[in-house]
Amino acid sequence: EPEVTQTPSHQVTQMGQEVILRCVPISNHLYFYWYRQILGQKVEFLVSFYNNEISEKSEIFDDQFSVERPDGSNFTLKIRSTKLEDSAMYFCASTVDRGRETQYFGPGTRLLVL
Amino acid sequence: KQEVTQIPAALSVPEGENLVLNCSFTDSAIYNLQWFRQDPGKGLTSLLLIQSSQREQTSGRLNASLDKSSGRSTLYIAASQPGDSATYLCAVYGSSNTGKLIFGQGTTLQVKP
């Protein structure tokens, strides 16, 4: 069964460093998302991406964040200058039809900013 | 602004018991509602998707219902097993046309052998 994959599974970085989180969505999916979950808190929406552009972003998704689909398979989330409060589990998700079909989530990348 | 609430926050039951998890949302204008399972430190596994026009969906021992007008959904788990122990999340796709999901905080279920 097709699945969303994410790399790395864990990343430790120093405050102020740039990180890139990578995702490979399911191949025929058209809508892509990043969510994050701070330990013990709700899963929060960060950004949605369709047709090679951001379709919606949350208040969390400030200028330090960016997303890219550099080729036909990868979908990346970049944090330019990490802060302690960026420590969280980051989930990538994709769906073939945003209104009618399930969003499939990847296993997540656990980011720890020291 | 859509808010999603799940009650109870935690639940412990003996094996074999039938149980109900609750999810409520403040804005009834939704496209669909999804139930997910999350094991500790892991990703989200989709369990059931209910469209706004549907009243319920079933998958194996799981049955999810949706009452849009009252802003409620329930997840019924029949004959619970220790392997059902996990956190169950509901998420609503609401007024945004981008597919953004709004999540509840989850119910952590423990099924004791």
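Every chain is numbered from 1, with letters handed out A, B, ... down the list of sequences.
- Taking A/Phe49, A/Tyr50, A/Phe105 one by one and counting their heavy-atom pairs under 4.5 Å with chain B, the maximum is reached by A/Phe105.
- The contact between B/Gln105 and chain A is made by backbone and side chain atoms together, counting heavy-atom distances below 4.5 Å.
- Heavy atoms of B/Lys100 lying under 4.5 Å from chain A belong to its backbone as well as its side chain.
- A/Thr102 touches chain B through backbone and side chain together, each having a heavy atom under 4.5 Å away.
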Inset, instruction - Check the pair B/Arg37 / B/Asp39 against salt bridge (Lys or Arg N to Asp or Glu O under 4.0 Å), numbers first and verdict last. - result: CA-CA 7 Å; B/Arg37 168 184 173 138; B/Asp39 292 286; 3.0 Å; yes

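- A side-chain N or O of B/Asn63 and one of B/Thr58 form a donor-acceptor pair less than 3.5 Å apart.
- Side-chain atoms of A/Trp34 and A/Ser48 include no donor-acceptor pair closer than 3.5 Å.
- Interface remark: B/Leu89 contributes side-chain atoms only to the contact with chain A (heavy atom separation under 4.5 Å).
- Judged purely by distance below 3.5 Å, without hydrogens or angles, the side chains of B/Ser65 and B/Glu56 never pair a donor atom with an acceptor atom.
- With no hydrogens or angles considered, a side-chain donor-acceptor pair links A/Tyr35 and A/Gln103 at under 3.5 Å.
- Contacts between A/Glu101 and chain B at a heavy-atom distance below 4.5 Å involve the backbone alone (N, CA, C, O).
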